[in-house]
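Let me begin by presenting the structure, written as structure tokens, before commenting on it.
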2 protein chains.
Amino acid sequence: MSNLAARKRPTIHDVAAAAGVSRGTVSRVLNGKSNVSLSAETAVRRAVAETGYVVNRAARSLVTSRTGSIVMVLSEPQERLFEDPNFSVLMRVATNQLAERDMSLVLMIAGDDRGRDRVARYLRGGHADGALLVSTHAGDPLLDEIERSGIPAVACGAVLGRESVIPYAAADDRGGARAMTEYLVSLGRRKIGMITGPLDTPGGALRLEGFTGVLGRKAAKQLVVHGDYTQAAGEAAMRRLLAAVPDIDAVFVASDLMAAGALQALHEAGRRVPEDVAVGGFDDSVIASATRPALTTVRHPLARVAEETVRLLIELLDEHEVEPVVLPTELVVRDSA
Amino acid sequence: MSNLAARKRPTIHDVAAAAGVSRGTVSRVLNGKSNVSLSAETAVRRAVAETGYVVNRAARSLVTSRTGSIVMVLSEPQERLFEDPNFSVLMRVATNQLAERDMSLVLMIAGDDRGRDRVARYLRGGHADGALLVSTHAGDPLLDEIERSGIPAVACGAVLGRESVIPYAAADDRGGARAMTEYLVSLGRRKIGMITGPLDTPGGALRLEGFTGVLGRKAAKQLVVHGDYTQAAGEAAMRRLLAAVPDIDAVFVASDLMAAGALQALHEAGRRVPEDVAVGGFDDSVIASATRPALTTVRHPLARVAEETVRLLIELLDEHEVEPVVLPTELVVRDSA
DNA sequence: TTGAAAGCGCTAACAC
DNA sequence: GTGTTAGCGCTTTCAA
């Protein structure tokens, strides 16, 4: 064996030679075409195993003009991405499901203009067969690029204002918020405040809708303050709430991380939780059981949402029609309310 | 304009025609080759802008046999990946840095045998120019595949037992653990326990080394228990510690998440923190400031580690020699110790 | 059912 | 400095 060092990656040609058939036949076997004789097929499969052949994706792409990869676009500003443990779930689910189809996941971050530009160019260049959008906002110029390029795209969580254009899978934010608010009411709480997320995100807007839907005009303006999903924002918002409504006896916080901040502010203000003020969170993230008291919260079925999102995209790639999917949430009662 | 609908993606040929030069010249401009006249260059650049040309990566790959993408391989078992907010940081840094070089990041999860197999085939197929390993274990068969394929690879955090084979960037785990232990000692604590991470991970092994390095034979066997970085493990470990050494007055926990669990167990056992038992964490993750009391911990410079890891990989792609990089940690004193 | 052959869009070696 | 051209490895007609 003198060619040990000089061994090159085998091509379809080598496989054809080893199997005693033409390159065309090898290709047909590899791509599961039906018109191949059994004997040819077995010969090819053996040759593939023997030679250790792996298809050259570039060559295949060149002729099929499909890339075998999809982009996951994160539009989150970097700090938030940084603080949110949930992304990992989506990524895991997406890579796993795509791998089933021998497709790969390319990650791009479109947090600023340069990032968006890169993604746009990537899409325009046809470097991906589809796009999986995460936390994309309605005004994002990327959306125009996507429509223009006609590339199949789905969103994980609705894209506000584009719900009818970009298919999505999401949790029932409104229903979850409603359930939590009703629970706080059932506890006998009278002055219930809310710390919302950014209102230009579906979670921000819909969780607030669920809240006001239950309380109606009792959801006084001063009982609602806004945060940006960070812990610091939750802490600041809670302070404002305490200052504006000193006799507040419950607060629904639109994310667990912000709720952790609120807990901190309440503690510093000398309020007991849940005795003086009941606190409800949202997400049921890792943080929910790390705080003290542990958070009563709304479980966001993130893994399922992720799975459904990817399923939608795959349907779309196969040119099937798809409908948005909304998954139920669940109230998780712990110690804070 | 009758061809609006039928518009195809422009090729290098279209650009050449528009610029009035040959395809070769266009290619030279695109790839920054020096031997091009200024006039030709400007003509080409204008033609590129006019036609909206974007290079076809598949075609380029086919001839250069470089793919323009690198794989990030996550070898973490899925649950842990799920609980660790830190991955997002690494991903953000990696995508950003690679984008600078017009390269993209493909994500693969090698949590089980099937996953490992997929990664191996991906590598063997030459689908990536390099690999970025995350939490890979020494025994991982992937490492053989990497050595065999000769693909440039680096690790984020050392690969235990392969430190000399796979370049890496990492935090100074041993030093950080030492600093925390010394700090606990300086507080006058006498019975200091430790909850370690898995000893087959560098963080697990080195943080323990730092601990025993300071305490010497005072690090009695019963004062050291092992966890797997989950919150539940931290809680269970703390209980065992309390049962074995009831008069324990401090504990160094190898991760903030486990420390949150330990806090829980201490609270349930009626011990005050830090008065009765001082608790030190590691990582300074989001959780550290969400617990109560807020965790005194060791800051792991994750973003910098990520940056250095990617830098090493890029150096390797450029065929430069590289050395492992170890970055300093920092003691962050909050309320738990 | 199969083989032969025409490209897919690009880079790089070669000639001028 | 620039044009011409030979492939890179694959899929997919078209004939047989």
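Residue numbers begin at 1 in each chain, while the letters A, B, ... track the order of the sequences.
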TODO: Look only at the side chain of A:Asp14 and the backbone of A:Thr11, and say whether a donor-acceptor pair between them is shorter than 3.5 Å.
DONE: yes

N-O pairing of [X] and [Y] below 4.0 Å:
X: B:Asp144; Y: B:Arg162; answer: yes
X: A:Asp318; Y: A:Arg101; answer: yes
X: B:Glu307; Y: B:Arg311; answer: no
X: A:Arg114; Y: A:Asp117; answer: no

TODO: Mind listing the residues from residues 37-44 of chain A sitting with a heavy atom below 4.0 Å of DNA chain C? Number order is fine.
DONE: A:Ser37, A:Ala40

- [ ] Name the first nucleotide and the last nucleotide along DNA chain C (5' to 3') that come under 4.0 Å of a heavy atom in chain A.
- [x] C:dT1 to C:dG9

- [ ] If a protein heavy atom is under 4.0 Å from the base, mark B; if only from the sugar-phosphate, S; if neither, -; do that for nucleotides 3-12 of chain D going 5' to 3'.
- [x] BBBBBBBBBB

TODO: Measure the shortest side-chain to side-chain distance between B:Arg118 and A:Glu100 over non-hydrogen atoms and say whether it is less than 4.5 angstrom.
DONE: yes

- [ ] Tell me, yes or no, whether the heavy-atom count around B:Arg124 atom CZ, taken from other residues, nucleotides or ligands under 6.0 Å, exceeds 12.
- [x] yes

TODO: List the steps and the verdict of side-chain contact (heavy atoms from CB on, under 4.5 Å) for A:His127 and A:Val106.
DONE: CA-CA 10 Å; A:His127 299 325; A:Val106 171; over 6 Å; no

TODO: Carefully, step by step, assess A:Met72 and A:Val310 under the rule side-chain contact (heavy atoms from CB on, under 4.5 Å).
DONE: CA-CA 10 Å; A:Met72 177 160 157; A:Val310 178; over 6 Å; no

Task: Stepwise side-chain contact (heavy atoms from CB on, under 4.5 Å) check, A:Leu312 with A:Tyr168 - done: CA-CA 7 Å; A:Leu312 289 180; A:Tyr168 65 92; 5.5 Å; no

